[in-house]
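First the structure, in the form of structure tokens, and then the observations on it.
Per chain, numbering begins at 1; letters A, B, ... match sequence-line order. As the structure is a prediction and not an experimental result, all values here were calculated from the model.
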There are 2 protein chains.
Amino acid sequence: MPPATTRSETRLSRPTRVAEAIKQWVMDEGWAPGQRLPSEAELMARFGMAKGTIREAIRLLEAQGLVKSRTGPGGGVFVHQVSEERAAALLGNYFFFAHPTIDDIYRLRAALEPELAASLAGRLSAAQLARLDAVIAESAPPAPGAEDEATRHAASLRFHAELAAMSENPLLRFVIRFLAELLSEITVARGLHSPTDPELWATGLAYQTRLVEALRTGDAEAARAVMAAHMATAQRLMRSREAAVTRRFLSDRARG
Amino acid sequence: MPPATTRSETRLSRPTRVAEAIKQWVMDEGWAPGQRLPSEAELMARFGMAKGTIREAIRLLEAQGLVKSRTGPGGGVFVHQVSEERAAALLGNYFFFAHPTIDDIYRLRAALEPELAASLAGRLSAAQLARLDAVIAESAPPAPGAEDEATRHAASLRFHAELAAMSENPLLRFVIRFLAELLSEITVARGLHSPTDPELWATGLAYQTRLVEALRTGDAEAARAVMAAHMATAQRLMRSREAAVTRRFLSDRARG
DNA sequence: CCCAATTTGTTCGTATGTATC
DNA sequence: AGATACATACGAACAAATTGG
């Protein structure tokens, strides 16, 4: 006969249970980032477990970006605000397996970036507008045709990242920046870059310039329209590139 | 003069370095989910470190959802595909600190859900359409006014989650489901539910019914329009609710 | 500059739990 | 049921980092 005593879900490992208990504890008490958790010794006593077990629990929280440890006097384990970089990296692990296509990414960009542009129109400070101008200027090549498309693409993504950072909406900010990073990784990984087409470069810069102008004058609908057009052309371009790469792969396989 | 010997970034803890090394190793070798990593003993030998250190490294990977451990013969540490639930939970940690508003969430929903609806038009199987009908039927109350708005809202979110699950686009799928969960958590946490308004319930069901009809006939633009209208009304509703709650908070503070 | 105190970081040996054969 | 192979957990000791005297 099975014991009537408390079983209490012993299927989860002790470090996992301790980590969840600590997380719940921190949330219940409403501890802010920077607050110190009890020392390892105190946690050992509190949970009645060995040092190794407690340390594994802390690693589980550390990997999530929720705590950070420091050695020495005044050291310890501290509540930590999850950074955007950490969150993006963790989410990237998921899409490493889900492999979205370039087109998948552009579906979301095409829907979100115009919304972002519209929401920023007339709301940016002079300093922020100047910053955008500076990013555009950076991406303009000193000598025509001197840089390759990888650089151009990276510069474009930097512009979009800067723009997203100016949004008050943390969700919009995160998703747009994440999509840009993902796009960058995938294009690099698949070698989707080709030698610079100066004409293309010029039109890209023209889009950005017109966008900043609309943002400056506060014309939300113009900003939305410019960004939507920009996304449409970029999407078309990348679609044809992806098709070309697929064809190349196929012919390689046919040969090999 | 600084030593010319290898420093090799000893600022990161050993478990962290081991975890990154293993991650890189797995990616380089292209190991698929289900593949077994070397045993703890082998990893100890390979990295020249003690058991505790190796175990902490494995916990770091486990928290990211990248590996799972099993005891016993044939057991060990296995590469694991990060689940959508795990990814959503990890990302949720980030927004626990970034606190987006309800309106922030709806900005993204309003941009993405119509896109999702349009992309699914004419592409769903009879079984999938039947499933959507079933979810709608579930949310229809046996007796009018018998259930509260929390239930109604949850049912609506379930409908949207089912819809998102039918997309081929993993990004769209993930973001929409994540937004729905986030919205659910926030409304529950802030007590933004009010007694059921039967009229509202009816209009919500009408939207869903019209949407499924457009999906069945394959009218992408109709599907997009229905969803856009639905989002607009829902957004308006939640905005007024949030304003009401804010007023209540303010007057409470004014009194206290 | 060194020394002492504090706290996390790491090692080793041993024992226990769990699943497979 | 027993042997085997693996992760899981414990406890004691020592190492390294940081702060303050």
Does OP1 or OP2 of [N] have a side-chain N or O of [X] closer than 4.0 Å?
{"X": "B:Arg70", "N": "C:dT18", "result": "no"}
{"X": "B:Arg36", "N": "D:dA7", "result": "no"}
{"X": "B:Arg14", "N": "C:dT11", "result": "yes"}
{"X": "A:Thr53", "N": "D:dC10", "result": "yes"}

What is the separation between atom [atom1] on [X] and atom [atom2] on [N], rounded to the nearest whole Å?
{"X": "A:Leu12", "N": "D:dA7", "atom1": "CG", "atom2": "C1'", "answer": "15 Å"}
{"X": "B:Glu40", "N": "D:dA7", "atom1": "CD", "atom2": "P", "answer": "5 Å"}
{"X": "B:Arg11", "N": "C:dG9", "atom1": "CZ", "atom2": "P", "answer": "16 Å"}
{"X": "B:Arg55", "N": "C:dC12", "atom1": "CZ", "atom2": "P", "answer": "16 Å"}
{"X": "A:Phe47", "N": "D:dT8", "atom1": "CZ", "atom2": "P", "answer": "19 Å"}
{"X": "B:Leu37", "N": "D:dA7", "atom1": "CG", "atom2": "C1'", "answer": "14 Å"}
{"X": "B:Lys68", "N": "D:dC6", "atom1": "NZ", "atom2": "P", "answer": "21 Å"}
{"X": "A:Glu56", "N": "D:dA7", "atom1": "CD", "atom2": "P", "answer": "12 Å"}

Is a donor from one side chain sitting under 3.5 angstrom from an acceptor on the other, for A:Glu42 and A:Ser39? yes

Do B:Lys51 and C:dG13 have a side chain to base donor-acceptor pair shorter than 3.5 Å? no

Candidate nucleotides [options], ranked by approach to the side chain of [X] - the nearest:
{"X": "B:Ala50", "options": "C:dC12, D:dA7, C:dT20", "result": "C:dC12"}
{"X": "B:Ser13", "options": "D:dA7, C:dT20, C:dT10", "result": "C:dT10"}
{"X": "B:Pro73", "options": "C:dT7, C:dT20, C:dT10", "result": "C:dT20"}

Using 30° and 60° as the class boundaries, would you call the ring planes of B:Phe174 and A:Phe95 parallel, tilted or perpendicular?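 Aromatic pair B:Phe174/A:Phe95 classed perpendicular.
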
Would you mind classifying the nucleic acid contact of B:Gly76 as base, sugar-phosphate or nothing, using non-hydrogen atoms under 4.0 angstrom? sugar-phosphate

Determine, for B:Phe78 and B:Arg70, whether the Lys NZ or Arg CZ falls below 6.0 Å from the six-membered ring centre while staying within 45 degrees of the axis.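 Output yes; distance and angle both within limits.
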
Does NZ or CZ of A:Arg36 lie under 6.0 Å from the centre of the six-membered ring of A:Trp31, at an angle within 45° of the ring axis?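 Judged by the rule, A:Arg36 and A:Trp31 form no cation-pi pair.
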
With sequence neighbours excluded, tell me which residues meet side-chain contact (heavy atoms from CB on, under 4.5 Å) with B:Thr16.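 side-chain contact (heavy atoms from CB on, under 4.5 Å) list for B:Thr16, sorted by chain: A:Glu62, B:Leu12, B:Ser13, B:Glu20, B:Leu60.
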
If you find the nucleotide of DNA chain C closest to B:Gly74 and the one closest to A:Ile58, which residue's nucleotide is nearer the 5' end?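 Comparing both residues, the 5'-ward one is A:Ile58.
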
